[in-house]
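A short write-up of the structure that comes next.
Only heavy atoms go into these numbers, but all of them, side chains included; no hydrogens, no water, no symmetry mates.
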Amino acid sequence: MSRRITLSLTAVLILVGGASVSAQTDYDAVEITVTEVAHGVYMLEGAGGNIGLSIGNDGAFVIDDQFAPLTEKIKRAIGALTDREVRFVLNTHWHGDHTGGNEHFGEGGAYIVAHDNVYRRMNPEAFGEVVGNSRQAPDAALPVMTFSEELTFHWNGDDIEVVHVPHAHTDGDVVVFFRSANVVHMGDTFFNQRYPFIDVDSGGGINGMIHAAEKVLAMVSSDTRIIPGHGPLGGPDDLRAYRDMLIGVRDRIQTMVNEGKTLDEVIAAGPTAAFDADWMRGNAPGRDRFVGLVFRSLGGGE
């Protein structure tokens, strides 16, 4: 079949690399688990963001690549499924738990692809206007292809559509639709069964997170499988519950922001109380951090 790549709007430079590695993780103890999501499409879990994988005659297509010390384990897991080389690595955003393997895959000949803003945040030395979170990545970890709005890969017998969702988890998030396989990879715009992290300093915000969930829900069917950035494999019902939680928390906090309440007052009021049983998973610090990030993204404290 033809290996044709269609870029919408700007197609510019090169992809984003492996930023920070958590010093607290024992990578030797991490195991890569593989779940078949649909024919030729898999989810790989280890440490960091969930990986998407398409295999077929055209070669392996990888979505996100976790931390650099896990690259050899990830390669072995892919090699157990296909003898084809990794041809593309697509990053859903710039964080190091999704881009840490870029350097190794890039040095191995894979083309790294990401949104324009991922390239900027991973290459701040070249972009003086970058504000907030960023971290310089090695040259081999940077994307070789970037885009502003949409990108389609016609690959392994599928149409893999990549769509930018603005100001969600960061300012460079994309969601990935495998049209024939009926699978979506949402990166960190979807944390399944847990409160999300919203990187406000990288241009993220609660309203963008809600918009991303609603956009995907409008484009899927009842049997679509959804790979989250973190958490177990899900489907539309899981994403709908997540969307409803985000809206419920947003609306409660927005009311208090409008009343001029401080962050301490907002946290003390328990705006997530109705959702904690399903979403906190015993992680009170994560819940309070989530509340603080929603508060900031809604203009609280300004």
Side-chain angles (χ1 to χ4, degrees), residues 19-20 22 24 48-49 92-98 115 117-118 120-121 124 129-135 164-175 186-217 228-231 234 238-302:
S20 62
S22 170
Q24 300 176 350
T92 61
H93 62 289
W94 77 276
H95 290 155
D97 62 321
H98 296 255
H115 186 264
N117 288 336
V118 174
R120 293 186 180 104
R121 293 198 179 276
E129 77 274 14
V130 171
V131 296
N133 279 346
S134 65
R135 181 171 302 194
H164 177 227
V165 283
H167 301 294
H169 176 64
T170 68
D171 60 6
D173 297 288
V174 298
V175 294
M186 290 188 64
D188 279 5
T189 65
F190 181 28
F191 282 59
N192 196 11
Q193 300 180 6
R194 62 201 67 188
Y195 290 129
F197 170 63
I198 304 172
D199 190 350
V200 178
D201 292 321
S202 288
I206 183 63
N207 288 324
M209 293 285 276
I210 293 168
H211 170 77
E214 291 180 335
K215 185 178 185 70
V216 173
L217 286 169
H230 297 271
D238 301 296
L239 181 58
R240 195 169 293 109
Y242 177 73
R243 185 271 317 270
D244 292 347
M245 177 274 293
L246 293 177
I247 291 174
V249 173
R250 189 270 314 270
D251 290 351
R252 288 163 173 79
I253 294 176
Q254 183 70 73
T255 297
M256 288 184 276
V257 168
N258 293 345
E259 293 171 348
K261 294 189 181 298
T262 67
L263 176 57
D264 288 343
E265 290 171 330
V266 170
I267 291 174
T272 66
F275 306 101
D276 285 348
D278 294 323
W279 298 92
M280 191 170 75
R281 302 300 181 202
N283 185 1
R287 175 200 60 197
D288 293 347
R289 178 184 67 173
F290 170 54
V291 169
L293 292 168
V294 173
F295 177 83
R296 283 183 58 202
S297 78
L298 293 173
E302 297 183 351

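N207 and L298 get closest at one heavy-atom pair: ND2-CD2, 4.0 Å. A168 and T189 make their closest contact through CB-CG2, 4.0 Å (heavy atoms, listed as atom of the first residue, atom of the second, distance). Taking each heavy atom of F275 and V249 in turn, the nearest pair found is CD1-CG2, 3.8 Å. Closest heavy-atom contact between V118 and G172: CG2-O, 3.6 Å. Counting all heavy atoms, side chain and backbone alike, T92 lies closest to G187 at OG1-CA, 3.7 Å. For the residue pair R287 and Y195, the shortest heavy atom distance occurs at CG-CE1, 3.7 Å.
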Checklist entry - Passes ring-ring contact (aromatic ring centres under 6.0 Å, His included), Y242 versus F190? Steps please. => result CA-CA 8 Å; Y242 177 73; F190 181 28; 5.0 Å; yes
Next on the checklist: I'd like to know whether E214 forms a side chain to side chain contact (heavy atoms under 4.5 Å, CB included) with I247, so could you lay out the CA-CA distance, the side-chain angles of the two residues, the decisive distance to 0.1 Å, and finally the verdict.
Outcome noted: CA-CA 11 Å; E214 291 180 335; I247 291 174; 3.9 Å; yes
Next on the checklist: Evaluate N117 against W94 for side chain to side chain contact (heavy atoms under 4.5 Å, CB included), listing each step before the verdict.
Outcome noted: CA-CA 8 Å; N117 288 336; W94 77 276; over 6 Å; no
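A distance of 11.0 Å separates CG in L293 from CG in D288, rounded to the nearest 0.5 Å. The CE atom of M209 lies 7.5 Å from the CG atom of D173; values are rounded to the nearest 0.5 Å. The distance from the CG atom of N192 to the NE2 atom of H230 is 12.0 Å, given to the nearest 0.5 Å. Going from atom CZ of R120 over to atom OG of S202 covers 13.5 Å, rounded to the nearest 0.5 Å. Atom CG in D199 sits 4.5 Å away from atom CG in N133 (nearest 0.5 Å). Taking CE of M245 as the reference point, atom CD1 of I210 lies at 9.5 Å (rounded to 0.5 Å).
Proximity of a side-chain donor or acceptor of S297 to a complementary backbone N or O of I206 within less than 3.5 Å is detected.
Every residue two or more places apart in sequence or in another chain was checked for a salt bridge (Lys or Arg N to Asp or Glu O under 4.0 Å) with D244, and none qualifies. For T262, the side chain to side chain contact (heavy atoms under 4.5 Å, CB included) partners are D264, E265, not counting sequence neighbours. For the salt bridge (Lys or Arg N to Asp or Glu O under 4.0 Å) test, residues two or more places apart in sequence or in another chain that qualify with D171 are R121. For D278, there are no side chain to side chain contact (heavy atoms under 4.5 Å, CB included) partners, not counting sequence neighbours.
Applying the ring-ring contact (aromatic ring centres under 6.0 Å, His included) test to pairs two or more places apart or on separate chains, none has a residue in residues 245-271. Residues in residues 245-256 take part in no salt bridge (Lys or Arg N to Asp or Glu O under 4.0 Å) pair, two or more places apart or across chains.
Each of L246, D188, V294 was evaluated against P196; a single residue qualifies, L246, per the side chain to side chain contact (heavy atoms under 4.5 Å, CB included) test.
Relative orientation of the H169 and H95 rings is perpendicular, given thresholds of 30° and 60° on the angle between their planes. The aromatic rings of H115 and H164 sit parallel, their planes meeting at an angle under 30°, below the 60° perpendicular limit.
No side-chain N or O of N258 forms a donor-acceptor pair with one of T255 less than 3.5 Å apart. A donor-acceptor pair shorter than 3.5 Å cannot be found between the side chains of T272 and W279.
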